[in-house]
Amino acid sequence: MSQQTTSPSAEVAAVLAAVEAFDWTTVSHAYGDATDLPEMLRALALDEDTGPDSAAGDLWGSICHQGTVYSASAAAVPFLAGLAVAGAAPMECFWLLGAMAESEDTAPGAEEDVRNAVRAEVDRLLSFATHPDAEVRQAAVHAFGQARTADVLPTLRAVLERDSTPVVRAEALIALVRCDAPEQAALIAAAYDDVATEVRLASVFAAFDAGLPWDDRVQQVLLSVDGLDDIGSSLHDGHRHEPLSWVVGELCDAGHGAAAAGLVLEAADRADGDISAVLWAATQACEASRVATELLRPLAEKHVDSAEGRWLAETIGSRADSTPAPRPLVLTFDQPLLPGAAPDLGIEELRERAATALPDDGLTTPDIDRKLMVAATLWERTADPAPMVGAVSEAAERLSGRESFIWGYERASAARTAARLGPAAAPLEAALRTFLADPIALAASATALVRAGCELDADDVAMRLAAQAGEYRDEDTVTALATLAPLLSPASVQRWREVIDQDERLVGRGVQKSAVAADEQFRADLLAALGSAARR
């Protein structure tokens, strides 16, 4: 780290003195104890380097770690604002303030605190909207927009109207919408015809932010922007640095797969030279939308000789008219343990291991996995339900109060183990009912409860499963739907039919190039699980 040799100005020194006086033991950041923040803030104030290994990089990693903010983030806001006002690294201070105010991913204790802290500093920062350095102006305008307060509206309007740098004006338009400017629709419509490509692209982003309808006018504005990716990257919206792909994703998420495909096809027709960005957007459309897949199939066939075209063709796979045959509907929890998965131990040693308590401290997921596997092995070899009941009960007790998604998968595993028992799992009813509150364990727990003969609100569970279809273990969902199907009301069956027939794909994760085929298989499996209930 290269330190400046000159002493800080009196203004910077005053801010750093206030930093030292603050009690940092009362807050925490991404790595816990925040008592190292004074050193980071001092280094930021005295260091001209802003690379990833610089003082700024260290500070970002601590108080805005991968977009997450903390109690120390809120505490740092007035000091970052003070450094900016004092002339120390103003651009970096504003980028940090904007990114922290934008965050919706907050650690416990930081909810809304960071954005409120930025709002509290706005008045003394507004003059930066006319700073002589355009990069500083852009960073400041972005931060004002993320503060989402009406207090900045007059300043943002002035920037949009008068600033000489197009990217700063573009940032101001987006910020005005974020701050809910009353005249935002008129501002966006005017920006559609702006001579600056940066402002026209910003008008498309702003139209989505404002909830305006997608139509041919907006599509033509987007396609009028040459160098989309370069201009998108110049705006401080990291998730929109590939504008065509971003717009395609937004359209698909809103259920407009056909419109997304139409946009891609027109972009391909108008492309001059490199079409890789268009083909990448087409791939994303196919992974998200069923109707877009068939509309874009000819595009994949036309460009199959290029790497991006082959990727698109592999993503789409076989034609939709070759619908996958449903796999034999096997309740997955009844499948025998995989060869080699079960411990190769004698019955007595298995019983001894099953009786060994889970650790009180330092519990890990492998601890629970091993316990459940031993119990399942005993069940297969002896048909004695006691070890299984004991293992699931103990696992449920140890998992109580543990909220991380990792523990959700352990709850699902415990419920899956209980479901093997059928009616013999009845003593586990209380534990299984607590698992129903965990969306990851919902499907497996519902299956176990029904098979144990316990009362269950099948319609409620089915509706909750429909709302999260494709988010967790697909095989758990299929098994649960098959188990619940005979108990469902016509309204629940209709809801599931709507889910199965919707344009949005149910499978949007896993290895790329497999989403389309996996979605088609999942749909076929769900239809088989719904079975005769779907024909009522």
Side-chain angles (χ1 to χ4, degrees), residues 197-198 200-202 204-205 207-208 214 216 218-324 470 503-523:
T197 53
E198 294 89 344
R200 294 205 303 276
L201 178 58
V204 176
F205 291 162
F208 277 96
W214 175 263
D216 187 65
V218 185
Q219 179 160 313
Q220 297 312 313
V221 172
L222 178 65
L223 295 176
S224 75
V225 178
D226 293 326
L228 272 175
D229 288 356
D230 289 339
I231 296 175
S233 297
S234 71
L235 294 168
H236 199 65
D237 277 289
H239 60 295
R240 300 199 277 209
H241 64 280
E242 295 179 332
L244 182 61
S245 292
W246 182 83
V247 169
V248 163
E250 290 295 299
L251 290 173
C252 290
D253 288 347
H256 303 311
L263 169 62
V264 169
L265 290 172
E266 185 171 357
D269 287 342
R270 296 173 58 160
D272 182 16
D274 184 12
I275 199 174
S276 58
V278 177
L279 294 174
W280 171 238
T283 300
Q284 292 181 292
C286 292
E287 289 180 343
S289 164
R290 293 164 182 166
V291 66
T293 299
E294 293 313 308
L295 293 172
L296 294 172
R297 190 180 295 279
L299 183 67
E301 295 170 351
K302 179 178 179 181
H303 294 280
V304 73
D305 290 336
S306 69
E308 293 80 6
R310 284 193 298 275
W311 186 284
L312 174 59
E314 290 172 11
T315 297
I316 292 175
S318 60
R319 299 195 65 85
D321 53 19
S322 58
T323 303
D503 177 59
E504 182 183 356
R505 295 199 180 280
L506 293 169
V507 179
R509 54 186 168 75
V511 180
Q512 287 185 342
K513 302 187 184 181
S514 68
V516 174
D519 175 71
E520 291 170 355
Q521 184 66 67
F522 188 29
R523 291 181 74 198

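The structure presented is a predicted model; accordingly, all values stated were derived computationally and were not measured.
- Closest of all the heavy-atom pairs between Gly232 and Leu201 is N-CD2, 3.7 Å.
- Among all heavy-atom pairs drawn from Asp229 and Pro243, the shortest one is OD1-CD, 3.4 Å.
- No side-chain heavy atom of Thr197 sits under 4.5 Å from any side-chain heavy atom of Asp226.
- By the 4.5 Å heavy-atom criterion applied to side chains, Leu279 and His303 are counted as neighbours.
- Leu223 has its side chain within reach of Leu263: a pair of non-hydrogen atoms, C-beta onward, lies under 4.5 Å apart.
- When all heavy atoms of Pro298 and Leu295 are compared, the closest pair comes out as CD-O, 3.5 Å.
- Between Trp214 and Phe208, the angle of the ring planes lies from 30° to 60°, which puts this pair in the tilted group.
- A 4.5 Å side-chain heavy-atom check between Val204 and Arg200 finds every atom pair outside the cut-off.
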Please table the atom pairs, donor to acceptor, closer than 3.5 Å between any side-chain atom in residues 250-259 and protein atoms at least two apart or in another chain.
none

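- In this structure, Glu294 pairs ionically with Arg297, as a charged nitrogen and a carboxylate oxygen lie closer than 4.0 Å.
- Going from atom CD of Glu266 over to atom CG of Asp216 covers 6.5 Å, rounded to the nearest 0.5 Å.
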Exercise. Please report the C-alpha distance between Val264 and Val248 in whole Å, then the side-chain angles of each, then the deciding distance to 0.1 Å, and finally whether the side chain to side chain contact (heavy atoms under 4.5 Å, CB included) criterion is met.
Key: CA-CA 8 Å; Val264 169; Val248 163; 3.7 Å; yes

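- Counting only heavy atoms from C-beta outward, the side chains of Thr315 and Thr293 never approach each other to under 4.5 Å.
- Within the model, atoms OG of Ser233 and CD of Glu242 stand 8.0 Å from one another, a figure rounded to the nearest 0.5 Å.
- Phe522 CZ to Leu506 CG: the interatomic distance, rounded to the nearest 0.5 Å, is 5.5 Å.
- Nearest heavy atoms, Ser245 versus Ala277: OG-O, 4.4 Å.
- Ala282 and Leu296 get closest at one heavy-atom pair: O-CD1, 3.8 Å.
- If you take OG on Ser289 and CZ on Arg505, they are separated by 7.0 Å, rounding to the nearest 0.5 Å.
- Sorted by first and then second residue, the pairs that involve residues 230-240 and meet salt bridge (charged side-chain N to carboxylate O under 4.0 Å, His left out), not counting sequence neighbours, are Arg178-Asp237, Asp209-Arg240, Asp237-Arg240.
- A distance of 11.0 Å separates CD in Gln284 from CG in Leu312, rounded to the nearest 0.5 Å.
- Distance alone, capped at 3.5 Å, is enough to place a donor-acceptor pair between the Asp503 side chain and the Arg290 backbone.
- Atom CG of Asp519 sits about 11.5 Å away from atom SG of Cys286, to the nearest 0.5 Å.
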Quiz item: So Trp280 and Glu308, side chain to side chain contact (heavy atoms under 4.5 Å, CB included) or not? Walk me through it.
Solution: CA-CA 7 Å; Trp280 171 238; Glu308 293 80 6; 5.8 Å; no

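- Inter-residue side-chain proximity for Leu228 and Leu222 is flagged as met; some heavy-atom pair is nearer than 4.5 Å.
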